[in-house]
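For reference, the structure is listed below as structure tokens.
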Number of protein chains: 2
Amino acid sequence: MNPHAYLVDDDDAIRDSLGWLLESRGVPCLSYPSAEDFLAAWDPSLPGCILLDIRMDGMSGPELFDLLCERGSTLPVIFLTGHGDVPMAVSALKQGAFDFVEKPCNDNELVNRVIEALQLDEHQRLAAADSDSVNSLTSRLTTREKQVMERVLAGTLNKVIADELQISMRTVEVHRANLFEKMGVRTAVELAQLLAGKR
Amino acid sequence: MNPHAYLVDDDDAIRDSLGWLLESRGVPCLSYPSAEDFLAAWDPSLPGCILLDIRMDGMSGPELFDLLCERGSTLPVIFLTGHGDVPMAVSALKQGAFDFVEKPCNDNELVNRVIEALQLDEHQRLAAADSDSVNSLTSRLTTREKQVMERVLAGTLNKVIADELQISMRTVEVHRANLFEKMGVRTAVELAQLLAGKR
DNA sequence: ACGAATATTGTGGAAATCCGTGATGCGAAG
DNA sequence: CTTCGCATCACGGATTTCCACAATATTCGT
């Protein structure tokens, strides 16, 4: 699925007008009349951002936001509200909301925020993909190989590693070579660099 | 100087009452009747946090905040305001303010926020000190040693480094040993780890 | 029970690193 | 001018890593 702006608002008119505005600026949209509807459609892999009304029938915007955070969502959330107060805005932003906008608002401003949010999400997903690729590499290592890797990363000499693991130096060398192979590196330093950035 | 809460507000009564409140909870305070006064007293090494009024004669709270940020301040800022609006709060928080509180506010809440801000500042300063200590180590390296270190961190073999720098392998070994000594590490991996976390 | 993956060890040699000792040239500071 | 830090290099031995070839044991899933 391509990145979308997910509009969650129980006001038909708002969904229509915002949807039209965003689509006209080249931002694909999907609309949901309630938090529950969005939640049912949501899955962590959905890319994009959320435009979320505060006050809605059923689950409120902040409640949905909390729930999504708990479930591991990293979607940037732009809160929209007609009657927001300062504490509400402060609390939303401190919890990690991307923005908090009062309706009615300037169209250009809002579109820009949405585009910023989409870019943020893309960056986050790229970064996550990187760290995933590293994790998937390490997950392919056998237990022994992981143990050896730990110690290699600690700068321990093969000889000492052999002692610690109660195996021969030769075996350590084998594990070492195998894990380097699996991790796609040629030296211990490269391995350290690889795991340094993405962790 | 020990960490302090710096109260910047042009209302004498507020400064007095907040100052008393915080001192009574064990938080040392210093008061300033204007943004200009605080700015004159400020220096980047001052630890603590700022309680900053929005509307003041002369320079406003947000103006002071911007100025401090430009000058490299990392002090957590808690904005205080009697007549704040949502856009103002949103903009302050998105620019990195620690909190945004409306007066009058709950005393316990405020004290807690101040304490959180002080803790944040302490963590930031500890982290900065770590990275400073690393920087001061690297700054003691000679030009050649830095060149060699770069390549060592890239996982390059001494032989190749010697080629690249147009010097003998022996000299590379010397530089390598010297820089390890200066950086306080015993292996290339340790060096990579050292520069990985603090950078 | 059979086969695949994993863990283990050995031999032996090539390549690389580590390190002590000693030495030369050069530029900057005293 | 002399001293000091830096960069440069050599010899030679100890240590370590790297690697190809070869083999046995253990575990685990079908």
Side-chain angles (χ1 to χ4, degrees), chain A residues 129-199, chain B residues 131-199:
Chain A
D130 277 354
S131 96
D132 277 0
S133 71
V134 170
N135 285 336
S136 81
L137 283 181
T138 54
S139 72
R140 287 197 188 94
L141 300 179
T142 65
T143 306
R144 270 310 202 209
E145 286 166 352
K146 284 179 194 166
Q147 292 171 344
V148 171
M149 185 173 74
E150 267 181 39
R151 290 162 174 80
V152 167
L153 287 177
T156 313
L157 292 181
N158 285 355
K159 181 187 292 189
V160 181
I161 297 177
D163 271 355
E164 289 181 7
L165 297 182
Q166 294 289 298
I167 55 181
S168 80
M169 223 183 82
R170 190 60 191 82
T171 307
V172 175
E173 290 172 18
V174 173
H175 290 319
R176 185 187 177 107
N178 289 340
L179 78 89
F180 279 13
E181 171 71 27
K182 289 184 184 175
M183 299 295 288
V185 297
R186 299 186 58 74
T187 70
V189 180
E190 280 180 34
L191 183 64
Q193 305 265 302
L194 179 66
L195 272 68
K198 336 274 179 177
R199 199 178 42 174
Chain B
S131 98
D132 278 359
S133 72
V134 170
N135 286 335
S136 80
L137 283 180
T138 55
S139 71
R140 288 200 186 91
L141 300 180
T142 66
T143 307
R144 268 311 200 210
E145 286 165 353
K146 284 179 194 165
Q147 291 171 343
V148 171
M149 185 173 74
E150 267 182 40
R151 290 163 175 79
V152 167
L153 287 176
T156 315
L157 293 181
N158 285 356
K159 182 188 291 191
V160 181
I161 298 177
D163 272 354
E164 288 182 6
L165 298 182
Q166 294 288 298
I167 55 182
S168 81
M169 227 183 80
R170 191 59 191 83
T171 306
V172 174
E173 290 173 17
V174 173
H175 290 319
R176 185 186 177 107
N178 288 339
L179 78 88
F180 279 14
E181 171 70 28
K182 289 184 184 175
M183 299 295 288
V185 297
R186 298 186 59 75
T187 70
V189 181
E190 281 180 32
L191 183 64
Q193 304 267 301
L194 180 65
L195 272 65
K198 335 276 178 175
R199 197 178 45 174

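Below, chain A is the first sequence line, B the second, and so on; all start at residue 1.
- Note that the CD atom of Gln193(B) and the OG1 atom of Thr187(B) stand 8.5 Å from one another [nearest 0.5 Å].
- Atom CZ of Arg186(A) and atom P of dA15(C) are 15 Å apart (whole Å).
- Along DNA chain D, read 5' to 3', the first and last nucleotides having any atom under 4.0 Å from a heavy atom of chain B are dC6(D) to dC11(D).
- Between the P atom of dC18(C) and the NZ atom of Lys159(B) lies a distance of 14 Å, rounded to the nearest Å.
- We find the CE-OG1 distance between Met149(A) and Thr142(A) to be 10.5 Å, quoted to the nearest 0.5 Å.
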Measure all distances between protein nitrogen or oxygen atoms and nitrogen or oxygen atoms of nucleotides 24-30 of chain C, and list the pairs falling under 3.5 Å.
none

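- Separating the CG atom of Leu179(A) from the P atom of dT6(C) is a distance of 13 Å, rounded to the nearest angstrom.
- Taking atom CE of residue Met169(A) and atom C1' of nucleotide dT11(C), one finds them 13 Å apart after rounding to whole Å.
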For residues 169-179 of chain A, run the donor-acceptor check on the side chains, cut-off 3.5 Å, and write out each pair with its distance to 0.1 Å, sequence neighbours left out.
unit_1	atom_1	unit_2	atom_2	d
Thr171(A)	OG1	Ser168(A)	OG	3.0
Arg176(A)	NH1	Asn158(A)	OD1	2.6
Asn178(A)	ND2	Val174(A)	O	3.4

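- Between Ala188(A) and Val152(A), the closest heavy-atom pair is CB-CG1, 3.8 Å.
- Between the C1' atom of dA16(C) and the CG atom of Asn158(A) lies a distance of 13 Å, rounded to the nearest Å.
- Residues from residues 170-178 of chain B lying near DNA chain C, meaning a heavy-atom separation below 4.0 Å, are Arg170(B), Glu173(B), Arg176(B) in numerical order.
- Of the residues in residues 138-146 of chain B, none has a non-hydrogen atom less than 4.0 angstrom from any atom of DNA chain C.
- Nearest approach of Leu194(A) to Val134(A), heavy atoms of both residues: CD1-CG2, 4.2 Å.
- Here the CG atom belonging to Asp163(B) is positioned 11.5 Å from the OG1 atom belonging to Thr156(B), to the nearest 0.5 angstrom.
- From Leu191(B), atom CG reaches atom CG of Leu153(B) across 4.5 Å, with rounding to the nearest 0.5 Å.
- Sequence neighbours left out, the pairs with a member in residues 141-157 of chain B that pass salt bridge (charged side-chain N to carboxylate O under 4.0 Å, His left out) are Glu145(B)-Lys182(B), Arg151(B)-Glu164(B).
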